[in-house]
Amino acid sequence: SMGVTYTCWAKVTNLTGARQNSEDQMVIKNAWEIIIRDNPLVTITKSMHIVFDGRTLIIDNIIDVQEYDRMIKLIAKERD
């Protein structure tokens with residue numbers, strides 16, 4: 001059973017349609033970019049899910065973003 005680890009502020013951007021080049025296998029279905037503040041008490045892992053606007057998102061990539069101050073960028077996709 002899944003429980004809520006924590007709730008936080010996030011900047012959420014839908015990336016769907018940003019890369020629609022199937023010949024290069026770059027089609028991203030229902031992809032999302034989520035930028036959150038780094039919380040030193042919480043370690044974000046790919047086994048976690050993100051619930052946003054009634055959707056459950058699976059984390060594909062976790063990027064420690066240096067150009068933002070203590071921010072983490074997550075690339076996620078909607079669960080099929």
Practice task
Give the minimum heavy-atom separation between V12 and F52, together with the two atoms involved.
Solution key: CG1-CE2, 3.6 Å

Practice task
Please confirm whether the backbone N or O of L41 pairs with a side-chain atom of N39, one donor and one acceptor, at under 3.5 Å?
Solution key: yes

Practice task
Please assess L57 against K77 for the test side chain to side chain contact (heavy atoms under 4.5 Å, CB included), listing each intermediate value before the final yes or no.
Solution key: CA-CA 5 Å; L57 308 178; K77 63 175 180 265; over 6 Å; no

Exercise for the section: Would you name the heavy atoms of I44 and M48 that are closest together and state the gap between them? Expected result: CA-SD, 3.8 Å

Practice task
Just do the side chain to side chain contact (heavy atoms under 4.5 Å, CB included) check on T56 and I50 with the steps written out, would you?
Solution key: CA-CA 6 Å; T56 299; I50 299 162; over 6 Å; no

Handout entry: Check: M71 and R37 side chains under 4.5 Å, non-hydrogen atoms
Key = yes

Exercise for the section: With rounding to the nearest 0.5 Å, note down the distance linking CG in L15 to CD1 in I34. Expected result: 8.5 Å

Problem - Check: L74 and I36 side chains under 4.5 Å, non-hydrogen atoms - result: yes

Problem - Nearest atoms (heavy-atom pairs only) where Y6 meets V42 - result: CE2-CG1, 3.3 Å

Exercise for the section: Nearest 0.5 Å please: distance from the CZ atom of R55 over to the CH2 atom of W32. Expected result: 4.0 Å

Problem - Nearest non-hydrogen partners of A31 and N14, listed with the distance - result: O-OD1, 3.2 Å

Handout entry: Under 3.5 Å donor-acceptor, K46 side chain and D60 backbone
Key = yes

